[in-house]
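Being a predicted model, the structure only gives us computed values, none of them experimental.
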Amino acid sequence: MQETPERLLIIDDDEMFCHVLDRALSRRGFEVLVAHDAAQALSLARRHQPQLATLDLKLEHESGLKLLPELLEIVADCRVVVLTGYSSIATAVEAIKLGAVNYLCKPADADEVLLALSRAEGDPETEVADNPPSINRITWEHIQKVLQEHDGNISATARALGMHRRTLQRKLQKRPVRR
């Protein structure tokens, strides 16, 4: 008797990333579903009840953090890993508080995603950086924290930071600074 494969929902607006991850996970025996926006993700979740999911933090016009509680309301026992190219400590903490089991920075391959989905506990052996983060990284982290505090509102965040809204928008369009 053949066991039914685990169902995994990929929620990401990057079609190429979805295609690559879909193929890699399908080859590993998962039944893969793909959604490119929140409405599609919630519809697939209702219909198929996935056991696992990857969720992009920054969907084109939507926040993955806002989608996460809605997804878990539909499928309470779904293990969700948040993936992002725009990582920050603030968003990682919020993702975990909202129910994600892990948080990964892109690019992430299928093996990293599966490892993140399977880990049930933290790893006390995780390396601690020898050097403090750069001033650019600290600035990025602070902007992300203030943005979180203002529910993603760019204008309110710019006012709180004492900077012009367009300057903040330009900073947010750049990839986060590496440590």
Quick check for you: to the nearest 0.5 Å, what is the distance between Leu104 atom CG and Glu112 atom CD?
6.5 Å
Any chance you could lay out the side-chain contact (heavy atoms from CB on, under 4.5 Å) test for Leu65 and Leu57, step after step, and finish with the verdict?
CA-CA 6 Å; Leu65 289 180; Leu57 179 69; 3.5 Å; yes
Quick check: closest heavy atoms across Gln49 and Arg46, and the distance to 0.1 Å?
NE2-O, 3.5 Å
Tell me every residue that passes salt bridge (Lys or Arg N to Asp or Glu O under 4.0 Å) with Glu94, counting only those two or more places apart in sequence or in another chain.
Lys97
Only counting residues at least two apart or in another chain, list the ones meeting side chain to side chain contact (heavy atoms under 4.5 Å, CB included) with Asp111.
Arg28, Asp109
Can you name the residues that form a side chain to side chain contact (heavy atoms under 4.5 Å, CB included) with Leu115, not counting sequence neighbours?
Ser118, Arg119
Value rounded to 0.5 Å, distance of CZ in Arg47 from CD1 in Ile74
11.5 Å
Side-chain H-bond candidate by donor/acceptor type, Tyr103 with Thr91, under 3.5 Å
yes
Which donor-acceptor pairs under 3.5 Å do the side chains of residues 12-23 make with protein atoms, sequence neighbours left out?
{"from": "Asp12", "atom 1": "OD1", "to": "Asp14", "atom 2": "N", "distance (Å)": "2.9"}
{"from": "Asp12", "atom 1": "OD1", "to": "Lys106", "atom 2": "NZ", "distance (Å)": "3.4"}
{"from": "Asp12", "atom 1": "OD2", "to": "Lys106", "atom 2": "NZ", "distance (Å)": "2.6"}
{"from": "Asp13", "atom 1": "OD2", "to": "Glu60", "atom 2": "N", "distance (Å)": "2.6"}
{"from": "Asp14", "atom 1": "OD1", "to": "Met16", "atom 2": "N", "distance (Å)": "3.1"}
{"from": "Asp14", "atom 1": "OD1", "to": "Phe17", "atom 2": "N", "distance (Å)": "3.1"}
{"from": "Asp22", "atom 1": "OD1", "to": "Ser26", "atom 2": "OG", "distance (Å)": "2.9"}

Quick check on the hydrophobic clustering: are Val32 and Leu117 connected, directly or via other members, by side-chain heavy-atom contacts under 4.5 Å?
yes
Common cluster, Leu59/Leu44, ILVMFWY with side-chain heavy-atom separation under 4.5 Å:
yes
Kindly determine whether Val101 and Val81 satisfy side-chain contact (heavy atoms from CB on, under 4.5 Å), including the steps that lead there.
CA-CA 6 Å; Val101 296; Val81 169; 4.1 Å; yes
Strictly by side-chain hydrogen bond (donor to acceptor under 3.5 Å, both in side chains), give each pair with a member in residues 31-41 just once, sequence neighbours left out.
Arg7-Glu31
In terms of heavy-atom contacts, Gly29 and Pro5 come closest through O-CB, 3.0 Å
Which donor-acceptor pairs under 3.5 Å do side chains of residues 156-164 form with protein atoms, sequence neighbours excluded?
{"from": "Thr157", "atom 1": "OG1", "to": "Asn153", "atom 2": "O", "distance (Å)": "2.7"}
{"from": "His164", "atom 1": "ND1", "to": "Arg166", "atom 2": "N", "distance (Å)": "3.1"}

Hey, does Leu172 have a side-chain heavy atom less than 4.5 Å from the side chain of Ile143?
yes
Can you check side-chain contact (heavy atoms from CB on, under 4.5 Å) on Leu9 and Leu52, steps first, answer last?
CA-CA 6 Å; Leu9 174 59; Leu52 307 167; over 6 Å; no
Are Leu83 and Leu98 linked, directly or through intermediate hydrophobic residues, by side-chain heavy-atom contacts shorter than 4.5 Å (ILVMFWY only)?
no
Leu8 and Leu33: side-chain contact (heavy atoms from CB on, under 4.5 Å), yes or no, with the steps?
CA-CA 6 Å; Leu8 188 146; Leu33 308 161; over 6 Å; no
For a quick test of reading the model, state the closest non-hydrogen atom pair linking Ala100 to Val82 and the distance between them.
CB-CG2, 3.8 Å
Interatomic distance, Leu68 atom CG to Lys66 atom NZ [nearest 0.5 angstrom]:
13.5 Å
Under 4.5 Å between any side-chain heavy atoms of Leu55 and Leu67, yes or no?
yes
Are Val80 and Leu72 side-chain neighbours, meaning at least one heavy-atom pair lies under 4.5 Å?
yes
Are Ile11 and Val113 connected in a single hydrophobic cluster, I mean Ile/Leu/Val/Met/Phe/Trp/Tyr linked by side-chain heavy atoms less than 4.5 Å apart?
no
